[in-house]
Amino acid sequence: MSSESIAEYEVAYAKPKAFYERYERKEELQHATHYCPGCGHGTVHKMLARAIDDLGIKDRTILVGPVGCSVFTYYYFDVGNVQAAHGRASAVATAMKRSHPGSVVVSYQGDGDLSAIGSAEILHAANRGENITVIFVNNAVYSMTGGQAAPTTLIGQKTTTTPDGRNPLNEGYPLRVSELLATLEAPVYIERVGLGDNKQVAHADRAIRRAMENQVRGLGFSLIEVLSPCPTIWKMKPVDAQRWVREEMEKTFPLGVYRDRTKDATPRPMPKTAPALEALPGILGIDGDEDLAEDAVCATDAAIDLRVRVAGFGGQGVLLLGEVLAEAGLDAGLEVSWLPSYGPEMRSGTSNCHVRLAHEPIDSPLVTAPNVLIAMNEPSLRKFDANVQPGGWVIYNGEEFPPDCARQDVHVLARPFTQIADALGDARAANMVMLGALLEMTPGLPQASIDAALRRLVKNPKWVELDECALTRGRELAREVLQEVLQEV
Amino acid sequence: MRKQLMKGNEAIVRSAILAGCRAFYGYPITPASEITEAAALYLPQVGGVFLQAESEVAAINMLYGASSAGVRCMTASSGPGISLMQEGISYMAGAELPCVIADITRGGPGLGNIASEQGDYHQVVKGGGNGNYRTLVLAPNSAQEMADLTAWAFDLADRYRNPVVVLADGFVGQMMEPVAFPRSAVAPRLPGWAVAGTQESRGNLITSLHMEANALEAHVRKLETKYREAERNETRSEAWCTEDAEIVLVGYGIVGRILKAVTAEARAEGLRVGVLRPITLYPFPTAQFERLARRARVFVVVEMSNGQLLEDVKLALNGARPVEFLNRMGGNVPSHDEVFAFVRELAARMGLETAAAEEQMAHV
Ligand SMILES: Cc1ncc(C[n+]2csc(CCOP(=O)(O)OP(=O)(O)O)c2C)c(N)n1
Ligand code: SF4
């Protein structure tokens, strides 16, 4: 056996306790791993197991395994085991660590897994500075699937998908993950190590231990990239494979520390303790205002079946108008629904909503044939006027009702509501003037409910005052027209 | 507790937290973003985790992690995002991991549009990922049901150790209605199978990998047994005016509400119309269809997709009754008038007498 052999190095140590005594999850040969002789994965496994032993964290450790030759990490490690989808181990590890901040989470990944299909997940886990340890085994090929090219394949290296050797014009250049991630702010420790000879192996062992220790200390993201022999796919004897790591891989992937903030990094804060369960409704804003009308009692006897469509430009308060109406209806003990304009209707800055108030449960919240249309501008009037139910109301924001929109079978209240609101103090209160008019025309909603709704939805007291003024003004305007209607009759 | 006016999307998050959800991993997309935003606001306040992932692929795999860790967890997305999540959904079903996924659907295929459509039916009800698995799918039609079915979804997910999808159209997500919540909150509880970084859970393993053919077959048969059990115990639907219905209108989500309005009017004209609204899309309420088929003459499927629900209705009826079909797509909603006209025309074509006409005949 050559002095460079990994096997010789291994026998100097007893089997780590972080390994199972027998690999019972394995179908056969339960005393040995499934790795080929001279495979770097086996060596890295031992380093990781020893680090877990040394730090005394076996119970706390969660190992997230990849898809690749090391898919069976759970055969060997006597820790909590989770097998992740191809490339997603660092996303899985992220959530495991955040779920149990006291655990020690290791994401173990190959170079296809991490640097190709999982490139987004590793980049963002590193960038968030997740307090996890990533073991990145770079053997320059996809081994498990039979030796296809990886992002880490060397220039000129032959693989089953680069039969003439990797050509940078076609496949680009070998991806240097450690260098790339070292440009980020968050990572604490990134080092590339090799398994090219015993000295390298001994150093790699210390690096992996440090990467684990960082996590135990709560410092943040650590990643160790391991240049790792794959004698089988490389079609080399183990010694030659080790030499190839040293003499070829290292030229493209220089060993070294690419980032080390271990000294000045401060432990990440532990999450705050959760509030008591009883506090949740309050936090969620659903602890209920007991001072308001109980929904079981209906505060109005009037027969109410309002099907309202409100439409105008964005910024005119279309949605709020509808919301106040719905909220008031709810306060009065009615069934209500509010549906905002949505999808293809929501173009060119226009906005509209459907509001229904009724005694019976509301079947469809869509109002296609309104009995009240509030049109805050002319395009909205033109769009919805024809659908208003005969006998219904059109409340229109304009000096003059466009003659071509006039219908004999609906009532109309057309006023320059924007100017009227402006005179009251703010043109933006036009929506509430129009709502006031609606409330006057369709009596039944108690004023107290309207006030309560307003106060719930409008937080600024100055605006509440102005809106109340606006509602009153709207009622006055409506009364004038109602008298006209009555005279007509 | 007094009912409160809120959007279906906001009701989902509150209900989830009350149901013990303590982790949300998501990626924004219209019309589901309010869910993600509400989760961002509330989860940190209740000692939970919120994280906006780098993609839906990452988000669902984070759920894989959170669920493996034994935390009640959820995500929300829409069409294109759900497509990206299919990998993780298949893995979670395979590894028997519970989670809740809200799919607030939009128009497709591809980027489609952001309007309300029901074209995600196939990809969630049939399982859009690889392999022999199902997701349980619940279809709310109101803000209240958004809350109620979300809470139920967490229970189902744990009971069957399987992903559960709350499938709602954009309307149900966006509209505000009064919602009441349960008075008490569910305490988070660590399941025995979870990998929690503790001595007790050290021997646990989460994986969807079964190398031996017999082992995988046995595993898939075990999943099948769970699905059969869900089919026996968990189907839900709402039948409305169906006792004497000759025409049964079938639709889920917002469509179910439109069908109710149509039914009210059709009944006023004396047509014997009723509504069957599936609430669980998987398991599908097949028995309800069989029951109504005894009396009904015809079923009318109304959907906002290209015949995806129609297939399941036909399977459930198995040729017992004819099935008519009306659909709109692209964000168009089958209007009340459109459906009513269809029903009237169908009644005439089939020679279905109105109740009033029949009565007259009886007097002659
Ligand atoms: C989504 C998906 N695509 C492809 C595969 C097939 N696959 C399994 S392992 C692997 C590459 C593994 O290579 P690497 O990560 O370098 O690990 P190694 O086997 O070299 O240790 C591929 C492509 C898969 N399992 N899932
Ligand atoms: S193929 Fe290569 S990476 Fe896979 S076990 Fe064998 S030596 Fe190791």
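If you're wondering where the values come from, they're calculated on a predicted model, not measured in any experiment. Note that these values count all heavy atoms, side chains included, but never hydrogens, waters or copies made by symmetry. To find a chain, count down the sequence lines: A is the first, B the second, and so on, and within it residues start at 1.
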Would you give me the side-chain donor-acceptor pairs under 3.5 Å for residues 269-282 of chain A, sequence neighbours excluded?
none

Subject >> chain B contact via A:Lys97 - side chain, backbone, both or neither, heavy atoms under 4.5 Å >> reply: neither
Original post:
Hey, which of A:Leu366, A:Val82, A:Leu123 has the most heavy atom pairs under 4.5 Å with chain B?
Top reply: A:Val82
Subject >> B:Gln199, part contacting chain A, at a heavy-atom distance under 4.5 Å >> reply: both
Subject >> Region of B:Leu51 in contact with chain A, defined by heavy-atom distances below 4.5 Å >> reply: side chain
Original post:
Within the side chain of A:Gln83, is there an N or O that forms a donor-acceptor pair under 3.5 Å with the backbone of A:Pro66?
Top reply: yes
Subject >> Per-residue contact mode, B:Val333 against chain A (heavy atom under 4.5 angstrom) >> reply: side chain
**OP:** Counting only heavy atoms closer than 4.5 Å, note whether A:Arg356 contacts chain B via side chain, backbone, both or neither.
**Re:** neither
Subject >> Contact class of B:Glu212 relative to chain A, heavy atoms under 4.5 angstrom >> reply: side chain
Original post:
Going by atom types only, do B:Ser142 and B:Gln144 share a side-chain donor-acceptor pair under 3.5 Å?
Top reply: no
Original post:
Does a side-chain heavy-atom distance below 4.5 Å link B:Leu18 with B:Arg14?
Top reply: no
Original post:
In terms of ring plane angle, is the pair B:Phe340 and B:His336 parallel, tilted or perpendicular, where the classes change at 30° and 60°?
Top reply: tilted
Subject >> Atom group of B:Val49 that falls short of 4.5 Å from chain A, counting heavy atoms >> reply: side chain
Original post:
A:Val67 versus chain B, heavy atoms under 4.5 Å apart: side chain, backbone, both or neither?
Top reply: side chain
Subject >> Option that, when pairs with chain A are counted at under 4.5 Å, heavy atom only, ranks first among B:Thr263, B:Val255, B:Val195 >> reply: B:Val195
**OP:** Examine whether an atom of B:Ile60 lies under 4.5 Å from a heavy atom of chain A, and if so say whether it belongs to the side chain, the backbone or both; otherwise answer neither.
**Re:** neither
Original post:
Just by distance, with hydrogens left out, do A:Ser70 and A:Thr73 show a side-chain donor and acceptor under 3.5 Å apart?
Top reply: no
**OP:** Taking the six-membered ring for Trp and the single ring otherwise, decide whether the centroids of A:Tyr20 and A:Tyr76 are under 6.0 Å apart.
**Re:** no
Original post:
So which part of B:Ala187 gets closer than 4.5 Å to some heavy atom of chain A, the side chain, the backbone, both or neither?
Top reply: both
Original post:
Side chain, backbone, both or neither: which part of A:Asp78 has an atom under 4.5 Å from a heavy atom of chain B?
Top reply: both
Original post:
If you measure only the distance, is there a donor-acceptor pair under 3.5 Å linking the side chains of B:Tyr91 and A:Arg88?
Top reply: no
**OP:** Could you tell me which portion of A:Glu27 (side chain, backbone, both or neither) has an atom closer than 4.5 angstrom to a non-hydrogen atom of chain B?
**Re:** side chain
**OP:** Sort B:Leu43 into side chain, backbone, both or neither according to what part of it lies under 4.5 angstrom from a heavy atom of chain A.
**Re:** neither
Original post:
What residues form a ring-ring contact (aromatic ring centres under 6.0 Å, His included) with B:Tyr42, not counting sequence neighbours?
Top reply: none
Original post:
Which region of A:Ile362, side chain (C-beta onward) or backbone (N, CA, C, O), has a non-hydrogen atom less than 4.5 Å from a non-hydrogen atom of chain B, or is it both or neither?
Top reply: both
